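Inspection log for the structure reproduced underneath, given as structure tokens.
A quick note: this is a predicted structure, and the numbers were derived from the prediction, not measured. Chain letters run A, B, ... following the sequence lines, proteins first, then strands; residues in each count from 1.
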2 protein chains.
Amino acid sequence: MADINVSLSPRPTKGDPGVPARSGGMGGGIGGGMGEGDPLVDVIELFFFAYRNFVSDPDEILQGIGFGRAHHRVLHFVNRHPGMRVTDLLDILRITKQSLGRVLRELVDQGFIDSRAGASDRRQRLLHLTPKGEALAQQFVTLQSHRIRRALEECGPDSRETARRFLVAMIDPEDRGPVEKLIARADQQAEAKTPPGASGKAAPPAGGSSGATGNRPAPPVRPAG
Amino acid sequence: MADINVSLSPRPTKGDPGVPARSGGMGGGIGGGMGEGDPLVDVIELFFFAYRNFVSDPDEILQGIGFGRAHHRVLHFVNRHPGMRVTDLLDILRITKQSLGRVLRELVDQGFIDSRAGASDRRQRLLHLTPKGEALAQQFVTLQSHRIRRALEECGPDSRETARRFLVAMIDPEDRGPVEKLIARADQQAEAKTPPGASGKAAPPAGGSSGATGNRPAPPVRPAG
DNA sequence: GAAAAAAGTCAACATGGCTGACATAAATGT
DNA sequence: ACATTTATGTCAGCCATGTTGACTTTTTTC
């Protein structure tokens with residue numbers, strides 16, 4: 001039933017020669033920018049398809065418990081940064097307080113997240129996963145890690161660093177430092193918590209990549225507004 | 001104001017030591033799956049942040065004309081596959097006829113897309129971009145290509161193929177063949193249309209990558225339902 | 001004691017998914 | 001010829017998740 005043949009080739013329902021050869025408009029049309037070098041449209045599309053599949057893994061589980069992607073993101077980052085403040089989550093997700101509030105309330109109400117007042121600053125609500133929440137978050141990480149691991153294995157031994165650097169380089173320059181710091185902080189914390197010498201962890205050479213790995217006074221991964 | 005410091009380090013509003021060191025729950029917690037090898041959480045997060053920035057480029061333009069991401073996707077694929085059928089678009093996007101119908105109608109009404117009945121099968125509506133639509137689609141491709149080109153340049157000469165293969169490998173195995181075919185078909189078509197020998201186009205070695213580059217009778221990039 | 005910060009909430013709205021139910025035109029099969 | 005299937009479109013309504021704007025409460029900071 002109607003596969004992806006986009007009429008273009010093996011799908012002429014009758015004797016249709018595929019596609020009407022487009023009236024020869026002005027030049028450039030489709031490429032990467034006509035005279036700017038390679039057309040990178042293939043990468044654009046691969047990124048689209050890859051990301052779609054990437055997020056679809058958790059989606060199946062989420063559907064079963066009446067949650068959506070928004071819940072997944074919250075669970076993920078709280079898992080990564082136990083004790084984080086609501087504001088921090090807002091900065092990472094770049095959504096509004098109200099949007100976050102909705103899913104956060106559900107996660108707290110249903111016992112996936114524990115929200116306690118800060119000890120030193122009691123205005124803050126510090127977020128932690130409950131064991132239930134941790135189990136779920138772990139499921140997601142496992143699923144997505146599987147996909148990534150498989151992909152990297154198919155790409156050979158050096159691919160991990162190249163992929164990592166590529167993804168970093170795809171991030172807005174002004175966000176790279178903060179993002180890399182964020183990840184590094186979470187990793188550190190995880191290490192500290194883990195029984196010393198648990199699994200591998202190929203030290204991410206965050207320094208060498210693009211130069212923007214920065215040590216600025218922590219500019220924001222800019223909040224939405 | 002409230003940067004991404006996630007309380008964890010340079011943000012203790014008062015004398016807060018960052019984070020409450022989490023009560024030492026059971027092992028694995030955060031890593032990639034506890035005893036499965038590297039934790040690939042960093043890649044998970046980088047993919048998230050990278051993709052968010054990647055789609056944000058077009059977003060700015062879209063906002064100015066009252067369109068959304070859905071419009072972008074439609075424009076993009078119609079640009080890539082001039083004369084494609086509505087069904088083909090549905091297969092690619094994996095959304096419902098009704099969802100597509102909404103944005104497609106707007107695009108047609110506002111003169112970005114031209115929808116004409118097929119010659120051989122007059123039930124079909126074959127979709128083409130108008131010059132106006134082409135210009136817009138071209139803007140998007142240019143924007144996103146810029147980002148990708150910059151990223152690849154930062155990653156060195158071989159990165160393009162590695163990145164490409166990584167993205168392909170991130171796609172569900174059963175979708176890879178169809179996706180690569182789809183891209184190949186679009187590229188072919190574009191070449192045929194372009195004044196012979198226009199810009200570079202580093203021949204995508206679709207064959208060598210993962211083995212699944214297949215030549216099956218074109219299985220679908222599965223429709224949503 | 002005033003001002004600012006952290007969090008929460010209500011109300012209303014936009015976007016873009018979804019299902020279900022139909023309608024029409026055209027192609028296909030018997 | 002007629003029944004069925006296919007391709008498309010459309011109405012109506014629902015859901016998830018984003019947005020603004022306005023306000024409150026608690027607590028910290030100046």
Task: Atom-to-atom span, CG of B/Leu93 to C1' of C/dC18 - whole angstrom - done: 15 Å
- [ ] Output all residues satisfying side-chain hydrogen bond (donor to acceptor under 3.5 Å, both in side chains) with B/His71, sequence neighbours left out; order by chain, then residue number.
- [x] B/Glu106
Open item on the list: Can you measure A/Leu90 atom CG to D/dT20 atom P for me and round it to whole angstrom units?
Closed with: 13 Å
- [ ] With the side chain of A/Arg123 defined as its heavy atoms from C-beta on, choose the nearest nucleotide among C/dC18, C/dA27, C/dA6.
- [x] C/dA6
- [ ] May I ask you to decide whether B/Asp121 forms a salt bridge with B/Arg85, counting only side-chain N to carboxylate O separations under 4.0 Å?
- [x] no
Detail all sub-3.5 Å separations between protein N/O atoms and N/O atoms belonging to nucleotides 16-18 of chain D.
{"unit_1": "D/dT17", "atom_1": "OP1", "unit_2": "A/Arg69", "atom_2": "N", "d": "2.9"}
{"unit_1": "D/dT17", "atom_1": "OP1", "unit_2": "A/Ala70", "atom_2": "N", "d": "3.3"}
{"unit_1": "D/dG18", "atom_1": "OP1", "unit_2": "A/Arg73", "atom_2": "NH2", "d": "2.5"}
{"unit_1": "D/dG18", "atom_1": "N7", "unit_2": "A/Arg102", "atom_2": "NH2", "d": "2.4"}
{"unit_1": "D/dG18", "atom_1": "O6", "unit_2": "A/Arg102", "atom_2": "NH1", "d": "3.2"}

Task: side-chain hydrogen bond (donor to acceptor under 3.5 Å, both in side chains) involving B/Arg73 - partner list, sequence neighbours excluded - done: none
Open item on the list: Ring-plane angle category for A/His76 and A/His72, please: parallel below 30°, perpendicular beyond 60°, tilted otherwise.
Closed with: perpendicular
- [ ] Could you check how far CD of B/Gln63 sits from C1' of C/dT15, rounded to whole Å?
- [x] 12 Å
Open item on the list: My understanding is that only residues two or more places apart in sequence, or in another chain, count here; which of them pass side-chain hydrogen bond (donor to acceptor under 3.5 Å, both in side chains) with B/Asp114?
Closed with: B/Arg116
Open item on the list: Applying the side chain to side chain donor-acceptor pair (under 3.5 Å) criterion to B/Thr142, which one of B/His146, B/Gln139, B/Gln144, B/Gln138 satisfies it?
Closed with: B/Gln138
TODO: Name all residues meeting the side-chain hydrogen bond (donor to acceptor under 3.5 Å, both in side chains) criterion together with A/Arg105; count only those two or more places apart in sequence or in a different chain, and write none if there are none.
DONE: none
TODO: Quickly work out the B/Gln124 CD to D/dT5 P distance and round it to whole Å.
DONE: 19 Å
- [ ] Determine the interplanar angle of the B/Phe67 and B/Phe112 rings, folded into 0 to 90°, and report it as parallel if under 30°, tilted if 30 to 60°, perpendicular if over 60°.
- [x] perpendicular
Open item on the list: What is the distance, to the nearest angstrom, from the CG atom on B/Leu127 to the C1' atom on D/dA7?
Closed with: 12 Å
Task: Interatomic distance, B/Phe47 atom CZ to B/Leu167 atom CG [nearest 0.5 angstrom] - done: 6.0 Å
Task: Minimum-distance nucleotide (side-chain atoms of A/Arg85 versus C/dA6, D/dT28, D/dT10) - done: C/dA6
Task: Nearest-Å distance for atom pair CG/P, residues A/Leu104 and C/dA6 - done: 16 Å
Open item on the list: Let me spell it out: for each of B/Val86 and B/Gln98, pick the nucleotide of DNA chain D with the closest heavy atom. Which residue's pick is nearer the 5' end?
Closed with: B/Val86
TODO: Using whole Å, report how far CG of B/Leu126 lies from P of D/dG9.
DONE: 11 Å
Open item on the list: If a pair means Watson-Crick or G-U wobble with both distances below 3.5 Å, what does DNA chain C look like in dot-bracket form, with | marking bases paired to a different strand?
Closed with: ||||||||||||||||||||||||||||||
TODO: Would you mind reading off the distance between A/Asp121 atom CG and D/dT29 atom P, rounded to a whole angstrom?
DONE: 6 Å
- [ ] Examine D/dA7: is either OP1 or OP2 under 4.0 Å from a nitrogen or oxygen in the side chain of B/Arg125? Give yes or no.
- [x] no
